[in-house]
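Okay, structure first, notes after.
In what follows, chains are A, B, ... by sequence order, proteins preceding strands, each numbered from 1.
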There are 2 protein chains.
Amino acid sequence: MSARLPSRQQPRAWPSRRHRDHASKRDAIVLAAARAFSRRGFHQTSLDDIARELGISKPTVYYYVENKEQLLFECFRAGLAVIEEGLKKAESSSVSGRERLALVIRHYVRAVASDFGWCMTRAEDQDLGPELGGHIRQLKAGIDRGLRALIEAGIKDGSITCTDPKMAAFAMAGACNWIAHWYRENQPLTVEELADRFLAFFADGLRTDPSR
Amino acid sequence: MSARLPSRQQPRAWPSRRHRDHASKRDAIVLAAARAFSRRGFHQTSLDDIARELGISKPTVYYYVENKEQLLFECFRAGLAVIEEGLKKAESSSVSGRERLALVIRHYVRAVASDFGWCMTRAEDQDLGPELGGHIRQLKAGIDRGLRALIEAGIKDGSITCTDPKMAAFAMAGACNWIAHWYRENQPLTVEELADRFLAFFADGLRTDPSR
DNA sequence: TTAAAATACTACTAAAGAGTAGGATTGAAT
DNA sequence: ATTCAATCCTACTCTTTAGTAGTATTTTAA
């Protein structure tokens with residue numbers, strides 16, 4: 001499991017071998033948890049299960065993570081980072097609102113189709129305490145605001161037509177979130193193709209007549 | 001709780017007073033369960049909780065329902081019935097595919113925004129056993145097929161334009177399912193208004209230029 | 001009136017699983 | 001070599017809750 005190189009003298013920088021080990025082991029635990037939650041659900045997955053899959057013991061998991069709730073939270077955060085990266089790129093971009101929205105949605109789809117997708121979309125607020133639950137609600141609300149702002153920017157710059165940006169944002173977010181329910185690795189479509197199809201649908205809907 | 005009229009002699013018809021009582025009490029339990037699951041989540045809701053809210057005891061709940069899993073299943077079925085009603089109406093209708101699709105989606109939105117919405121969309125397959133879980137997967141797949149068939153019918157009769165009916169169905173179903181995550185009674189929009197907005201979005205997307 | 005069936009309760013059992021106590025082992029630094 | 005901290009384990013505790021045993025009460029049918 002741990003191929004520990006001798007590596008003499010690597011003095012005062014943070015990612016010391018020891019710290020890197022610590023962080024990467026913790027990450028491995030979070031990833032294993034995300035996969036387990038995704039396959040069997042949060043409540044059907046015991047920390048013993050996760051430990052067993054990693055070949056370690058439950059107290060070792062607790063050495064790296066405060067508790068099960070925190071573990072779920074970390075999974076959520078890991079997925080969220082991908083979306084926030086997209087939002088950040090969009091902010092510092094000067095293309096049209098429509099194109100920036102598409103950029104964010106691509107990231108969104110990627111996140112939701114990843115190992116962390118389940119935790120981001122299907123975990124219940126109640127499974128986190130009021131503390132972390134509230135935190136997550138805030139983060140989600142931030143994403144929703146980001147989406148809506150992009151739609152509104154697109155309306156303003158003429159690249160988007162939309163009468164109800166709020167509902168449009170809800171519809172798009174819902175469609176993307178739901179991907180976590182059905183997307184599996186062996187899908188005929190890659191994640192990027194999937195994003196393309198969704199973007200095409202969001203762009204034109206089911207409209208009949210382009211010249212109507 | 002039970003105002004029981006004397007009602008002498010009501011001989012061989014099925015819905016005897018007794019049976020009606022039984023069925024309606026069972027329904028009341030299912031509804032209370034749906035609301036409780038929706039508010040606190042499946043695993044955070046004990047059968048004692050549900051019983052307490054109804055002013056009865058846990059064994060009484062078990063008198064009407066086999067087990068917790070079955071209870072969840074019934075909630076699911078109750079919501080599903082609304083959608084299937086829509087599909088049936090659509091089948092026996094002769095308007096365009098587009099209009100039939102809209103009809104079904106209206107029912108869909110109604111179901112998902114109802115008390116049973118949570119159970120239909122957020123309950124985990126794993127919380128039902130392999131038996132009931134499989135059953136539900138089948139029912140869900142049926143709905144998906146129904147949606148897709150309507151899109152294809154719309155393409156055929158010229159009322160819908162769509163390059164990937166499967167993904168379009170997934171996107172629309174996802175958007176609608178997600179309503180259960182955020183719709184609450186005190187929303188500014190009624191369910192019907194909500195359905196209108198979603199249908200408008202599905203119809204035209206965010207298209208810029210109608211004459212493009 | 002009375003026997004059978006239906007309905008309901010109090011008081012349990014049993015299992016699962018989150019989280020911990022306390023100790024062993026390993027590695028780094030002096 | 002030896003100490004201190006980091007890492008990891010075995011073997012628990014403790015709570016929650018699904019589900020049941022056994023019994024009391026009510027209703028229906030004869």
[N] phosphate, OP1 or OP2, under 4.0 Å from [X] side-chain N/O:
| X | N | answer |
| --- | --- | --- |
| B:Lys25 | C:dT7 | no |
| A:Tyr64 | D:dC8 | yes |
| B:Tyr63 | C:dA8 | no |
| B:Ser57 | C:dC9 | yes |
| A:His22 | D:dA6 | no |

Checklist entry - Can you give the dot-bracket line for DNA chain C, using ( ) for pairs inside the strand, [ ] for pairs that cross earlier ones, | for pairs with another strand and . for unpaired bases, where Watson-Crick and G-U count if both distances are under 3.5 Å? => result ||||||||||||||||||||||||||||||
Check this for me: does any side-chain nitrogen of one of [X] and [Y] sit under 4.0 Å from a carboxylate oxygen of the other?
| X | Y | answer |
| --- | --- | --- |
| A:Arg26 | A:Glu74 | yes |
| A:Arg100 | A:Glu91 | no |
| B:Glu85 | B:Lys88 | no |

Next on the checklist: If you apply the rule salt bridge (charged side-chain N to carboxylate O under 4.0 Å, His left out), what do you find for A:Glu53 with A:Arg40, and how did you get there?
Outcome noted: CA-CA 13 Å; A:Glu53 270 161 37; A:Arg40 290 189 296 273; 3.1 Å; yes
Could you tell me the separation between the [atom1] atom of [X] and the [atom2] atom of [N], rounded to a whole number of Å?
| X | N | atom1 | atom2 | answer |
| --- | --- | --- | --- | --- |
| B:Gln70 | D:dG19 | CD | C1' | 15 Å |
| A:Tyr62 | C:dG22 | OH | P | 18 Å |
| B:Glu69 | D:dT17 | CD | C1' | 16 Å |

Checklist outcome for this item: Between B:Thr60 and A:Asn67, the residue closer to the 5' end of DNA chain C by nearest nucleotide is B:Thr60
Next on the checklist: Just by distance, no angles: are the side chains of B:Asp127 and A:Gln44 close enough, under 3.5 Å, to form a donor-acceptor pair?
Outcome noted: yes
Checklist entry - Judged by modelled atom types alone, do B:His181 and A:Asn177 share a side-chain donor-acceptor pair under 3.5 Å? => result no
Checklist outcome for this item: Shortest non-hydrogen pair, A:Cys176 vs A:Val109, comes out as SG-CG2, 4.0 Å
Checklist entry - Is the Lys NZ or Arg CZ of A:Lys68 less than 6.0 Å from the centre of A:Phe42's six-membered ring, within 45° of the axis? => result yes
Item to check | Under-3.5 Å donor-acceptor pair between A:Lys58 side chain and C:dG19 base | outcome: yes
Checklist outcome for this item: Residue pairs meeting ring pair (Phe, Tyr, Trp, His ring centres under 6.0 Å), one or both in residues 112-153 of chain B, sequence neighbours left out, come to B:Phe73-B:His135
Next on the checklist: I need the residues from residues 41-52 of chain B with at least one non-hydrogen atom less than 4.0 Å from DNA chain D; give them sorted by number, or say none.
Outcome noted: B:Thr45, B:Ser46, B:Leu47
Checklist entry - What nucleotide, of D:dG19, C:dG19, D:dC9, holds the atom closest to the side chain of A:Lys68? => result C:dG19
